[in-house]
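Below is one structure; the comments refer to it alone.
Chain identifiers are assigned alphabetically (A, B, ...) following the order of the sequence lines, protein sequences preceding nucleic acid strands; residue numbering begins at 1 within each chain.
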Amino acid sequence: MNKSLSLRKICIIRDGIPLIEIDHEVAAGEILSVMGPSGVGKSTLLAYLTGNLDPVFRGMGEVLLNGKDITGLPPHKREIGILFQDDLLFPHMSVGENLAFGIPRGGSRVERHRKIENALSDVGLVGFSNRDPATLSGGQRARVALVRMLLSDPKALLLDEAFSRLDAELRAHVRELVFRVVKERNLPVLMVTHDLEDAKAAGGPIIELESYSKS
Amino acid sequence: MLRFLPAVTLFAMLGPVIAGLWGTVLPAFGHLPAAGLMGPSLDPFRTLMDWAGLTSASRLSLSTGLIATSISLAIVVMFVAGWSGTRTFRLLERLLSPLLSVPHAAAAFGLAFLIAPSGWIARLVSPSLTGWDRPPDLLILQDPLGIALIAGLVVKEVPFLLLMTIAALGQAQPRRSLMVAQSLGYGRVTGWLKTVFPRVYDQIRLPVYVVLAYSMSVVDVAMILGPSTPPTLSVQIVKWMGDPDLAMRLTGAAASLLQLALVIFALALWWGGERVIAWLGRIWIETGHRGQKEASIRVISLGLGSISSLAVLLGIAGLAVWSVAGFWSFPNSLPDAITWKNWDRHGPAAFQTFGETFIVAGVAVGLALVLVLGCLEAEHRSGRPLSRRGIWLLYLPLLVPQTAFLPGLQTLLLNIGADIGRAPVIFAHLVFVLPYVFLSLGDPWRSWDTRNATVAGALGTKPWGVFWRVRLPMLTRPILTATAVGIAVSVGQYLATLIIGGGRVATLTTEAVALASGGDRRAIGVYGLMQTLAALVPFALALTIPTLLWRNRRGMHE
């Protein structure tokens with residue numbers, strides 16, 4: 001099976017003017033870094049991939065995940081995970097409830113509980129299940145967000161400046177953790193960043209987006 | 001299904017207004033088949049012209065509306081210009097916010113109990129300052145110029161406009177503009193008026209129009225504080241509509257159209273006034289005046305703002321004291337005896353009315369929440385936000401005077417043989433509850449971070465799952481606040497309940513206002529206090545429920 005995230009001749013247009021063009025195949029376990037100054041439309045590209053493109057934009061081209069065309073699918077059927085620069089843990093749920101939210105339906109209560117406990121212990125957060133996410137440190141919250149995303153069993157991962165809010169030391173640590181996990185799982189990853197450090201650490205191909213509006 | 005909700009909402013809001021106006025136009029031109037009258041004819045307008053009170057009633061409608069709106073706006077603008085960003089400002093803001101929910105009728109009764117010749121103020125200064133040992137024979141309430149009526153409107157519209165202004169300030173970034181102006185040597189008030197006010201006014205223009213239209217055509221406050229011979233035009237319309245002689249309805253309908261024309265005229269006048277003020281303002285800006293004597297403006301605006309809020313607070317205290325007053329001789333400041341007898345006598349009936357009030361409010365607010373949340377969700381999913389025209393449509397039911405379409409709606413319902421009673425009253429309340437719930441919930445709903453929806457969707461959650469499991473719980477607080485706003489609006493409805501209910505639906509407001517003419521202050525105290533509580537308690541709950549519900553979730557209280 002061809003495990004990859006392939007972006008075929010994708011072009012996002014606003015008011016008849018092309019904003020972003022990209023044509024690339026991200027292999028399993030590979031991290032594609034998409035770089036460019038802010039305002040160039042990096043997040044718009046991710047919105048197109050997750051199926052949340054604002055109607056002021058128009059997207060063309062196909063998105064194939066493991067050979068299947070997912071371009072027309074609603075967001076919840078795409079099986080693409082995403083991490084933002086904010087952890088976006090749901091503030092009304094406990095850490096465990098946030099993780100349970102990510103686990104696909106099915107399985108007994110005990111099984112789901114075990115999954116949560118295992119996932120928490122994988123990232124060194126044993127016993128955090130009942131905690132209020134607001135009481136966690138930034139690094140802990142980032143790890144919970146990562147685990148929540150992984151528990152939903154995505155087939156590809158998008159990173160939207162995912163490390164830019166963390167301070168330097170924590171940043172390298174979380175980045176290393178994320179990269180290690182996606183390689184273990186052999187996921188194709190598309191990372192949007194404005195930081196060359198991130199792109200270098202990813203060790204994959206780098207695409208520079210240019211601003212059409214300025215040229 | 002969701003796609004149709006905006007249309008359904010629009011229909012629920014504007015359908016009754018348009019139908020009511022239609023139901024007014026027909027009898028105004030002599031067409032009332034139910035009474036065996038066939039039009040078209042101009043007789044209703046001739047009868048209206050023959051009414052001796054017409055000139056003064058029309059003048060009163062214009063003067064109370066324009067003066068009350070101008071004074072309220074002036075107090076709010078001067079106060080915000082002089083004090084925004086200070087601790088005093090936040091203090092008065094906190095004091096005024098709950099006053100917003102106090103029903104107009106209760107505030108009017110409270111004010112009447114304060115300023116009447118035998119009211120609290122006269123008692124406090126008598127006989128030491130005035131030498132009165134019995135209530136003076138002064139026409140303070142129901143004065144022919146409508147001064148008491150204007151005062152009653154101002155004390156209620158100041159909190160409304162202030163909160164609308166504060167909401168508008170959030171988008172205008174006043175701090176930076178003010179800092180620049182002050183660094184150029186402008187005084188605080190002058191700097192604010194020249195740099196921030198134009199942007200803020202653009203945001204509060206529609207609420208100001210609502211205040212103007214409302215003040216011109218209000219019925220319950222006018223029955224309590226306004227002149228009676230002749231009364232204001234809107235009060236007279238209600239009298240004609242309630243006349244056993246069905247032919248009087250024709251005159252009433254003609255008067256309704258006149259009231260509508262007067263409101264349109266006043267709105268046009270105000271619109272013209274805005275242009276003149278803008279023109280003068282530009283000249284003033286060009287002069288480069290840095291501002292003088294600002295201290296006095298600050299002191300005066302603070303004084304007026306405080307008096308306005310104290311008037312309502314003391315008024316409610318007055319209602320409470322009268323509700324437990326036994327014999328209370330003049331000029332004693334407090335009752336000679338405290339008794340529960342008033343509550344024994346009026347309490348049981350009042351509590352029963354309380355139940356009816358909450359059935360009507362509960363159903364109306366429940367429907368409004370379903371429609372508003374549906375519209376906002378549809379807006380979110382289609383990615384098309386409400387246009388400027390959409391916002392005008394939201395305000396439309398609040399701009400058309402109630403006396404112009406509610407009597408017509410009742411006539412129409414009678415003509416087609418529909419039953420009047422609780423269900424039509426609920427739908428009539430919905431006309432007014434919907435816009436307020438929408439306005440209260442819209443901003444917090446839209447400022448919710450939609451990346452939460454992206455994350456939830458990427459985790460495999462369907463759109464409705466995101467709605468129920470993520471968005472609604474995260475927005476508990478604004479949803480409960482909007483519910484409280486809706487309940488307060490419904491509880492305060494007088495005309496919609498009276499006219500569409502055909503006298504068969506009694507809420508705390510209709511009962512309280514009905515007591516006005518009798519002048520039984522103890523009964524008014526009981527009903528007025530209950531009415532205030534019915535509107536205030538939901539607000540208290542909207543504040544406490546999220547605190548309890550999310551007590552272990554710090555992220556929900558930021």
Note each donor-acceptor pair with a separation under 3.5 Å, taking one atom from chain B and one from chain A.
unit_1, atom_1, unit_2, atom_2, d
B:Arg451, NH1, A:Asp86, OD2, 3.2
B:Arg451, NH2, A:Asp86, OD2, 2.6
B:Arg469, O, A:His92, NE2, 2.8
B:Arg553, NE, A:His92, O, 3.4
B:Arg554, N, A:Asp132, OD2, 2.5
B:Arg554, NH2, A:Ala134, O, 2.9

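Within the 4.5 angstrom heavy-atom criterion, atoms from both the backbone and the side chain of A:Leu88 approach chain B. Interface remark: B:Ala456 contributes backbone and side-chain atoms alike to the contact with chain A (heavy atom separation under 4.5 Å). Residue contact with chain B, scored on non-hydrogen atoms closer than 4.5 Å, is absent for A:Pro154. Both the backbone and the side chain of A:Phe101 come within less than 4.5 Å of a heavy atom in chain B.
For the residue pair B:Ala458 and A:Gly81, the shortest heavy atom distance occurs at CB-CA, 4.4 Å.
Each of B:Ala453, B:Gly383, B:Gly465 has some count of heavy-atom pairs under 4.5 Å with chain A, and the biggest count is that of B:Gly383.
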